[in-house]
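Keep in mind that the numbers below use all heavy atoms, side chains included, and drop hydrogens, waters and symmetry copies.
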Amino acid sequence: MKKLVLVGPAEIRLWLRVSRQRAYQLINRADFPEPYQVLQMGKVWDIADVDRWIRSNRPWLYQTDEPGPYGSGPP
């Protein structure tokens, strides 16, 4: 069984290499994945959903060797 990995706005911000304000603009877009769950501390997303969105909407992030929040490049 695959392990569920959740990410919040802070991880998404690092992954996208954007400011906190820009990250919130993006996660509130109509085409951004629905959160996996909304907790008292905020929204969390399944990393696979966010990965698919980034691959579709920000493919250049996968064409770099710059370190990302999960090692070398996005997960």
What distance do W53 atom CH2 and I12 atom CD1 have between them, rounded to the nearest 0.5 Å?
9.0 Å
State, to 0.1 Å, how close F32 and L26 come at their nearest heavy-atom pair, and which atoms those are.
CB-O, 3.4 Å
Does atom OH (Y36) have a neighbourhood of more than 12 heavy atoms from anything else shown, all under 6.0 Å?
no
List in chain and number order the residues that pass side chain to side chain donor-acceptor pair (under 3.5 Å) with Q37, two or more places apart in sequence or in another chain; answer none if no residue qualifies.
none
Residues K43 and N28: closest non-hydrogen pair is NZ-OD1, 3.7 Å
With hydrophobic residues grouped by side-chain heavy-atom distances under 4.5 Å, do W15 and W60 end up in a single group?
yes
Quick check: closest heavy atoms across P9 and A23, and the distance to 0.1 Å?
O-CB, 4.5 Å
Single-linkage hydrophobic cluster, 4.5 Å side-chain cutoff, L6 and M41 together
yes
Tell me every residue that passes side chain to side chain donor-acceptor pair (under 3.5 Å) with D49, counting only those two or more places apart in sequence or in another chain.
R52
Where W45 and I27 come nearest, the two heavy atoms and their spacing:
CH2-CD1, 3.5 Å
Of the non-hydrogen atoms in G8 and E11, which two are nearest, and what is the gap between them?
N-OE1, 2.8 Å
Set of side chain to side chain donor-acceptor pair (under 3.5 Å) partners for D31, sequence neighbours left out
R29
Hey, is the main chain of I47 close enough, under 3.5 Å, to the side chain of D51 for a donor-acceptor pair?
no
Euclidean distance, L16 CG relative to R22 CZ, rounded to 0.5 Å:
9.0 Å
